[in-house]
Asker: 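Following this message is one structure expressed as structure tokens.
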Amino acid sequence: MQMGGQVHAITQAGSPYRSERNGDWIKIKIHHRQEFVVVGYTRAAAGIGSLLIGLHNDAGELTYAGRVKSGFDSRTLTELRPRLRALERPVTALKDSPRFTKGVDVAWLEPVLVCEVRYAEITPKGNVRHAVFQGMRDDKPAAGISLESSTPEQPPEPRKTQIRITHGERVIDPSTGLTKRQLADYYARVGDWMLPLLHDRPVSLVRAPDGIEGEQFFQRNTTGLAIPDIETMHRPSGKPAMLINTSKALMSAVQMSAIEIHAWNATTTDLSRPDRFILDLDPDPALPWLHMIEATHLVCVVLQELGLVSFLKTSGGKGIHIVVPLTPKDDWTAVKTFSQAIVKHIAKLIPERFSAVSGPKNRVGRIFIDYLRNSSGATTVAAYSVRARPGFAVSMPIWHEELSMLQGAHVFTIQNVFRRLDSLIEDPWAALPNTAQTITAQMRKKLGIR
DNA sequence: GATCGAA
DNA sequence: TTCGATCAACGCAGA
DNA sequence: TCTGCG
Ligand SMILES: [Mn+2]
Ligand SMILES: [Mn+2]
């Protein structure tokens, strides 16, 4: 462990570090390395002139840390340009905007990308000097990036805190040209929304190593495979279940070519007692979207009349998912039976619109309300998960009030999702974790079950 | 995408 | 060291 | 019992 880091002699004439008086070469450390948040860039003829970087201070505020002008190869620049363009924003995310000399064309960015920079020193104002770009760090979260140490110089032991995304340039959705890198950027950025909903909930993955037009497969266990930071937990059956509790685990999943993430309706607190049930509205694909809106509304009214609060999300495909949070109490069988009773009730009420029986032939011209997602060990695509289909739509939580304006269940995609999330004043699901309700005898009575 | 045995 | 094969779920219901 | 489904 070389505490001072590597020491390099400056040997170029005209270097500001050369002592003119005695001819000695002044040795300085130019091997400080650390990660910075990319907060902007300057435009140049080539596209990118320099990167503007920032750090979080002790108060958690994002502060300017200078410009990085060298260390880029053309391949990196080519790769970076579309990523940066997609993240542009009108105003800086920095607490205090730095000033630039006239003529410098600055573009500000969402503070989500992380890069590693080598530099000689940090000035009293907090700006790096002689900064040299070392590479992007695609595993992120940018939120954790602050000055690593006042006595920098960790030997470049590759820190294993971040996941390397390989083949980032690979197009995994040919219909849009979206790449693995863009998928990784999406999951890195959506983590703040998604991870709380995944916490301690066993997950399954839909993986597609060759993109969505290649072979896809479903993964529920980690048997024989260690995915960094994805915990495994033994369920009642004795089989291992995967947990994604951190951004690192989420990025690991992406690196493992996961596109969709599906989750249980119970957490490890008690895997035998669901903490929610889901009514998955599956339409005949030919059904007009308006029918889905009306059907969702009607199911929610029935739930409300039973005394149950519900939350909505698009599936990212054709239908809507209605999520009913529960305080864990009943077991899987009881909850599934109850959810089936709701479905039977509705199908009996309006048989021309609903089916309580699975199988495509039973829903021609109708909507099957899939209660089977509420079996033990069953999973449903998670909120904010991408769907492994052309367009990369995501499953998006919405307000009940948005339903009637919604144009489809696939309208939110990784390409437009942050226009929504960044402008949302409140999380439509903010109240979900605080919703305390259970299935009561009275509800069962109304549905004619015991 | 990762692993492992064979070449 | 490189290369190719192999693997990566599973329970429920409907017929 | 076999098959489709998600
Ligand atoms: Mn569905
Ligand atoms: Mn379904």
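Quick note on labels: first sequence line is chain A, next is B, and so on, each numbered from 1. What you are looking at is a predicted structure, and each value in this text was computed from that prediction instead of being measured.
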Asker: To the nearest Å, how far apart are A:His262 NE2 and C:dA9 P?
Answerer: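 Rounding to the nearest Å, NE2 of A:His262 and P of C:dA9 are 14 Å apart.
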Asker: Within the 4.0 Å heavy-atom criterion, would you say A:Val381 contacts the bases, only the backbone, or no part of the nucleic acid?
Answerer: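 Nothing, no nucleic acid heavy atom in range.
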Asker: Take a 6.0 Å sphere around CD of A:Glu352 and say whether it holds more than 12 heavy atoms from other residues, nucleotides or ligands.
Answerer: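 Counting neighbours around CD of A:Glu352, more than 12 heavy atoms of other residues, nucleotides or ligands fall under 6.0 Å, so yes.
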Asker: From the list B:dA2, C:dC12, D:dG6, which nucleotide is the closest neighbour of the side chain of A:Met256?
Answerer: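 Shortest atom-to-atom distance from the side chain points to B:dA2.
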Asker: Would you say A:Lys336 places a side-chain N or O within less than 4.0 Å of OP1 or OP2 belonging to C:dA13?
Answerer: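 Yes.
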Asker: Carefully, step by step, assess A:Asn265 and A:Asp275 under the rule side chain to side chain donor-acceptor pair (under 3.5 Å).
Answerer: CA-CA 6 Å; A:Asn265 289 331; A:Asp275 69 343; over 6 Å; no
Asker: A:Ser358 side chain: which of C:dA13, D:dG6, C:dA9 is closest?
Answerer: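 The closest nucleotide is C:dA13.
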Asker: Starting at atom CG of A:Asp282, determine the distance to atom P of D:dC5, rounded to an integer number of angstrom.
Answerer: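 Those two atoms, CG and P, are 12 Å apart.
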Asker: Would you mind reading off the distance between A:Ile259 atom CD1 and C:dA8 atom P, rounded to a whole angstrom?
Answerer: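 It works out to 19 Å between those atoms.
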Asker: Expressed in angstrom and rounded to an integer, what is the separation of A:Arg389 atom CZ from D:dG6 atom P?
Answerer: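 Going from CZ in A:Arg389 over to P in D:dG6 covers 9 Å.
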Asker: Between C:dC12 and A:Gln340, is there an OP1 or OP2 to side-chain N/O distance shorter than 4.0 Å?
Answerer: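 No, A:Gln340 has no side-chain N/O under 4.0 Å of OP1/OP2 on C:dC12.
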Asker: What interatomic distance, in whole Å, is found between P of B:dA2 and the corresponding atom of C:dG11?
Answerer: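 It comes out at 28 Å once rounded to the nearest Å.
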Asker: Give A:Glu215 one of three labels, base, sugar-phosphate or nothing, depending on what nucleic acid heavy atoms sit under 4.0 Å from its own.
Answerer: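 Base contact.
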Asker: B:dT3 and C:dA9: how far apart are their P atoms, nearest whole angstrom?
Answerer: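 Going atom to atom, P in each nucleotide, I get 15 Å.
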Asker: Respond yes when some side-chain nitrogen or oxygen of A:Asn362 is under 4.0 Å from OP1 or OP2 of C:dA13, and no when none is.
Answerer: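 Negative; the distance criterion is not met.
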Asker: Quick one: A:Glu260 CD to C:dA9 C1', roughly how many Å, whole number?
Answerer: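 It is 14 Å, rounded to the nearest whole Å.
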Asker: To the nearest Å, how far apart are A:Ile163 CD1 and B:dG1 P?
Answerer: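 About 14 Å, once rounded to whole Å.
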Asker: For A:Leu372 and D:dG4, what is the distance between atoms CG and P respectively, to the nearest whole Å?
Answerer: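 So the two atoms are 17 Å apart, to the nearest Å.
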Asker: How about NZ on A:Lys69, more than 12 heavy atoms from neighbouring residues, nucleotides or ligands closer than 6.0 Å, or not?
Answerer: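 No, the 6.0 Å shell around NZ holds no more than 12 heavy atoms from other groups.
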Asker: Using a cut-off of strictly less than 4.0 Å, decide whether A:Asn221 has a side-chain nitrogen or oxygen near OP1 or OP2 of C:dA8.
Answerer: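 No, A:Asn221 has no side-chain N/O under 4.0 Å of OP1/OP2 on C:dA8.
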Asker: Using the side-chain heavy atoms of A:Ser257, tell me which of these nucleotides is nearest: C:dA9, C:dA15, B:dG1.
Answerer: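 Minimum distance to the A:Ser257 side chain belongs to B:dG1.
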Asker: Run the ring-centre check on A:Phe418 versus A:Tyr186 and record whether the distance is less than 6.0 Å.
Answerer: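 Centroid distance A:Phe418-A:Tyr186: below 6.0 Å, so yes.
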Asker: Within this structure, what is the CD1-to-C1' distance between A:Ile261 and C:dA9, rounded to whole angstrom?
Answerer: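 That distance rounds to 17 Å.
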Asker: Compare the minimum distances between each of C:dA13, D:dC5, C:dA8 and the side chain of A:Pro360, then state the nucleotide with the smallest one.
Answerer: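 The closest nucleotide is D:dC5.
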Asker: Picking from C:dA8, C:dA15, C:dA13, which would you name as closest to the side chain of A:Lys361?
Answerer: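 The closest nucleotide is C:dA15.
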Asker: Does a side-chain N or O from A:Arg170 land closer than 4.0 Å to OP1 or OP2 of B:dG1, or not?
Answerer: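 True: A:Arg170 side-chain N/O within range (under 4.0 Å) of B:dG1 OP1/OP2.
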Asker: Which listed nucleotide (D:dG6, C:dG14, B:dG1) is nearest to the side chain of A:Arg207?
Answerer: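 The closest nucleotide is B:dG1.
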Asker: Test the A:Arg33-A:Tyr119 pair against the cation-pi criterion, namely NZ or CZ under 6.0 angstrom from the six-membered ring centroid and within 45° of the ring axis.
Answerer: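 That pair does not qualify as a cation-pi contact.
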Asker: If you look at every strand shown and take non-hydrogen atoms under 4.0 Å, does A:His167 touch a base, only sugar-phosphate, or nothing?
Answerer: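 Sugar-phosphate contact only - A:His167 comes under 4.0 Å of backbone atoms but never of a base.
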Asker: Applying the side-chain contact (heavy atoms from CB on, under 4.5 Å) criterion to A:Leu113, which one of A:Leu51, A:Ile53, A:Leu87, A:Val39 satisfies it?
Answerer: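 The residue from A:Leu51, A:Ile53, A:Leu87, A:Val39 that satisfies side-chain contact (heavy atoms from CB on, under 4.5 Å) with A:Leu113 turns out to be A:Leu87.
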